[in-house]
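Read through the structure below, which is laid out as structure tokens, and then see the notes.
The chains referred to below are lettered A, B, ... by the order of the sequence lines, with proteins before strands, and numbering in each begins at 1.
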Amino acid sequence: MALSIATWNINSVRLRMPLVEHFLKVWAPDVLCLQETKVHNGEFPFSPLRALGYEHIAIHGQKGYHGVATISRLPLHELTDRRDYCGVGDARHLSVLFDKNGKTIRLHNFYVPAGGDEPDRTINPKFGHKLDFVEEMKLLHAEADAGISSILVGDLNIAPLEHDVWSQKQLLKIVSHTPIETEGLTTIMRDGAWVDLMRQHTPSPEKLYTWWSYRAKDWEAADRGRRLDHIWSSADLSSHLTNVEILREARGWERPSDHVPVIASFDL
DNA sequence: ATGGTCGCACCGCGA
């Protein structure tokens, strides 16, 4: 049986609901994890999603900033014992359980802090916040609960590998690709036994990007992208991976997000 | 060579 999971930093779910609807109609993943929904829970646009058959929706939002949502055709059990990462009350993480073909899967949806411009925590508290958040993520383990498989997706705001950025040389001192960040992400994966599904499917040195800055004159011609969005899983699921698609074309849609959807497909 | 663009909420902040 097929299972598909998508992740997409939407940069305002209300503004871009037409793009979300188009994506769900054409690509029809079983589950879509959104980040940067930028909407308070009371104003979340449930009805257009339910109308497309996505009746199971878990949200964790706040006014104006951040916010995550997990939108599903399969029934979800929302886990309400959520950790408040860094104790600052930001809506940056949501965890749900669902069942598929006899397996129980825990799905984490993350929006890691961007970290500001200066990669030095002594002068930039936002960078310190990002590092602290990554440190706390080291507590996550793909095999934390016996009998439960794990998937972790989201905008992690770190491009860990040389070929996850357009120029390693030019980005080593740029927040998202500094060694302290990339080593942090590598440690979370190693200690937590997570498999990087995008790189399992498309190994280095092929370039993989999921984000292109709004500030480029011509994002497509310059192609100065970064792989900031990720899909990881426990080993029992990675062996059933059939495809990973990065929807590059979505960056060229009308009034796009600066991130594009990534979709992982499994045969369970 | 060091700006450049977004979205939201309010005329700055975070990305």
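dG14(B) sits 12 Å from dA9(B) when the C1' atoms are compared, rounded to a whole Å. Comparing the P positions of dC10(B) and dT5(B) gives an interatomic distance of 24 Å, to the nearest angstrom. Separating the C1' atom of dG7(B) from that of dC11(B) is a span of 15 Å, rounded to the nearest Å. Distance check on atom C1': dA15(B) versus dG4(B) gives 14 Å, rounded to whole Å.
Within 4.0 Å (heavy atoms only), Arg16(A) reaches sugar-phosphate atoms of the nucleic acid but no base atom. Residue contacts for Lys63(A): at a heavy-atom cut-off of 4.0 Å it reaches the sugar-phosphate backbone alone, with no base atom in range. Residue Arg92(A) is in sugar-phosphate contact alone, with no base atom involved, counting any heavy-atom pair closer than 4.0 Å across all strands shown.
In summary, the side chains of Asp236(A) and Ser149(A) do present a donor paired with an acceptor at a separation below 3.5 Å, with no hydrogens or angles considered. Arg106(A) and Ser95(A) are linked by a side-chain donor-acceptor pair at a separation below 3.5 angstrom, with hydrogens and angles left out of the test.
For the side-chain hydrogen bond (donor to acceptor under 3.5 Å, both in side chains) condition, the pairs that include at least one residue of residues 123-138 of chain A, sequence neighbours left out, are Arg83(A)-Glu136(A), Arg121(A)-Asp132(A), Lys130(A)-Glu181(A), Glu135(A)-Lys138(A).
Projected onto DNA chain B by closest heavy-atom contact, Pro113(A) and Arg255(A) fall at different nucleotides, the more 5' of which corresponds to Arg255(A).
Contacts of Trp219(A) classified as side-chain hydrogen bond (donor to acceptor under 3.5 Å, both in side chains), with partners at least two apart in sequence or in another chain: none.
Trp27(A) and Phe23(A) have parallel rings, their planes meeting at less than 30° on a 0 to 90° scale where 60° marks the start of perpendicular.
Between chain A and DNA chain B, the heavy-atom contact criterion of under 4.0 Å yields a 5' to 3' nucleotide range of dG4(B) to dA15(B).
The pair Asp223(A)-Arg248(A) meets the salt-bridge criterion, since a charged nitrogen lies less than 4.0 angstrom from a carboxylate oxygen.
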